[in-house]
**Student:** 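The structure that follows is given in the form of structure tokens.
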There are 2 protein chains.
Amino acid sequence: MDDQNLKQTLTPSTQSALKKTLDIICGKWRLFIIFQLGTETRRYGELRRMIPDISEKVLIQELKALIELGVLEKKSFNEVPPRVEYNLTARGLKVLPTLYQLTSVGEVFLEP
Amino acid sequence: MDDQNLKQTLTPSTQSALKKTLDIICGKWRLFIIFQLGTETRRYGELRRMIPDISEKVLIQELKALIELGVLEKKSFNEVPPRVEYNLTARGLKVLPTLYQLTSVGEVFLEP
DNA sequence: GTTTGTACTAACCTAATGGTTCGTAACGTA
DNA sequence: TACGTTACGAACCATTAGGTTAGTACAAAC
């Protein structure tokens, strides 16, 4: 019995899309950051207070990663003390409804 | 300016649902395994050939984890050579459509 | 009688993830 | 003059995720 009946159900383009998705949502904090931003603009310090369990370093690190992925954008104002604002990009807003649906997945598995 | 205007937009139950979701889908291979199973029943060796880049140890490890999470179930037949079959649970099937949508997220960010 | 196939386990290693602590600039406030 | 505030960077460490390699039982095929 050879493998010709084992069709690869995932096309290469589906596979790379999935990998990109995982880049964006995997990690302990990324979805939380995206959800806390939502459609709003928030300062770094606001986000830190909204997600109190994340460490400063990791928050900055994750924000930077999400910017590089094209999910977030950042505006720095030349003020003292510094002011920096973050918000979702157009693409980020576009996928937000799909990401919100992910809570329902967890809910299904938390049902008794 | 105190923090009373920083409403925690995520309720505790939403947060734990999100964490559960991340348990299920995070990791390099879990979504691929779930997608390759889909509505079918597959033997271990079939899965291994359908996801050729995964190592044997990691596939078994991830299958075991997904079983413990309630996403998959497994049937062992007392035969030689051994035969073991995997398929999604009812809950797994229930969230499958939502998980399929995740490819669209990556697609948005892969657009030029 | 040696090899092949199945579904694993065990031992070990590396790279990435997440966390802790400390330090920075320049201003407003006490 | 000392201190708090803001948004970070640097150095360092612990844990986890993922990977490699080897070995197991036992029947069937060659």
Side-chain angles (χ1 to χ4, degrees), chain A residues 1-6 15 18-20 22-34 36-37 41-69 72-87, chain B residues 1-3 5-6 15 18-19 21-34 36-37 41-69 71-87:
Chain A
M1 185 187 304
D2 56 21
D3 289 356
Q4 66 194 3
N5 57 340
L6 287 179
Q15 287 187 39
L18 253 192
K19 278 179 192 164
K20 193 76 181 173
L22 290 176
D23 284 346
I24 291 167
I25 65 178
C26 274
K28 203 171 164 185
W29 300 110
R30 296 197 176 179
L31 271 185
F32 286 93
I33 294 171
I34 293 171
Q36 291 293 4
L37 274 174
T41 290
R42 298 263 183 219
R43 297 184 61 175
Y44 167 78
E46 284 183 283
L47 289 170
R48 223 171 68 69
R49 283 187 292 272
M50 294 172 93
I51 316 174
D53 289 346
I54 197 172
S55 73
E56 298 185 35
K57 177 209 140 188
V58 173
L59 178 52
I60 288 181
Q61 181 182 286
E62 296 302 284
L63 287 170
K64 206 188 270 182
L66 288 171
I67 289 167
E68 272 164 30
L69 285 163
L72 267 67
E73 58 198 359
K74 150 181 174 176
K75 279 168 237 160
S76 293
F77 300 83
N78 274 9
E79 301 176 5
V80 170
R83 182 156 66 103
V84 180
E85 292 182 349
Y86 294 89
N87 55 263
Chain B
M1 187 187 300
D2 56 19
D3 288 355
N5 58 340
L6 288 179
Q15 289 187 38
L18 253 191
K19 279 179 193 164
T21 303
L22 290 174
D23 284 347
I24 291 167
I25 66 179
C26 274
K28 203 170 164 184
W29 301 111
R30 296 198 177 180
L31 271 184
F32 286 92
I33 293 170
I34 292 171
Q36 291 293 5
L37 274 173
T41 290
R42 300 260 183 224
R43 296 184 60 173
Y44 166 78
E46 285 183 281
L47 289 170
R48 224 170 68 70
R49 283 186 291 272
M50 295 173 93
I51 316 173
D53 289 345
I54 198 173
S55 72
E56 298 185 35
K57 176 210 140 188
V58 173
L59 178 54
I60 288 181
Q61 180 182 287
E62 296 302 283
L63 288 170
K64 206 187 271 184
L66 288 170
I67 289 167
E68 271 163 32
L69 285 163
V71 184
L72 267 67
E73 56 196 2
K74 151 181 173 176
K75 278 169 239 161
S76 293
F77 299 83
N78 276 11
E79 301 176 3
V80 170
R83 182 157 67 102
V84 179
E85 293 181 349
Y86 294 89
N87 55 265

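Throughout, a chain's letter reflects where its sequence line sits, starting with A, and its residues are numbered from 1.
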**Student:** Classify the nucleic acid contact of R43(A) as base, sugar-phosphate or nothing, counting any heavy atom under 4.0 Å across all strands shown.
**Tutor:** sugar-phosphate

**Student:** To the nearest Å, how far apart are K57(A) NZ and dT17(C) C1'?
**Tutor:** 8 Å

**Student:** Below 4.0 angstrom, N of the basic side chain to O of the carboxylate: do R48(A) and E46(A) qualify?
**Tutor:** no

**Student:** May I ask you to say what F77(A) touches in the nucleic acid, namely base, sugar-phosphate or nothing, with a heavy-atom cut-off under 4.0 Å?
**Tutor:** nothing

**Student:** Would the base of dG18(D) count as contacting K28(B) through its side chain, where contact means a donor and an acceptor less than 3.5 Å apart?
**Tutor:** no

**Student:** Pick base, sugar-phosphate or nothing for V80(B), based on heavy-atom distances below 4.0 Å to the nucleic acid.
**Tutor:** base

**Student:** Taking only the side-chain nitrogens and oxygens of Y44(B), find out if one of them lies under 4.0 Å from OP1 or OP2 of dG5(C).
**Tutor:** no

**Student:** So which one's nearest nucleotide on DNA chain D is more toward 5', G27(B) or R83(A)?
**Tutor:** R83(A)

**Student:** Within the structure provided, determine whether L47(A) and Q36(A) are in side-chain contact (heavy-atom separation under 4.5 Å).
**Tutor:** yes

**Student:** Between dT6(C) atom C1' and R48(B) atom CZ, what is the distance in whole Å?
**Tutor:** 10 Å

**Student:** Whole Å only: how far is the CD1 atom of I60(B) from the C1' atom of dG19(D)?
**Tutor:** 14 Å

**Student:** Just the rounded figure in Å: distance from P of dA25(D) to CG of N78(B).
**Tutor:** 17 Å

**Student:** Would you call R30(B) and E62(B) a salt bridge, taking side-chain N to carboxylate O under 4.0 Å as the test?
**Tutor:** yes

**Student:** Quick one: does E56(B) reach the base of dC8(C) with a side-chain donor-acceptor pair under 3.5 Å?
**Tutor:** yes

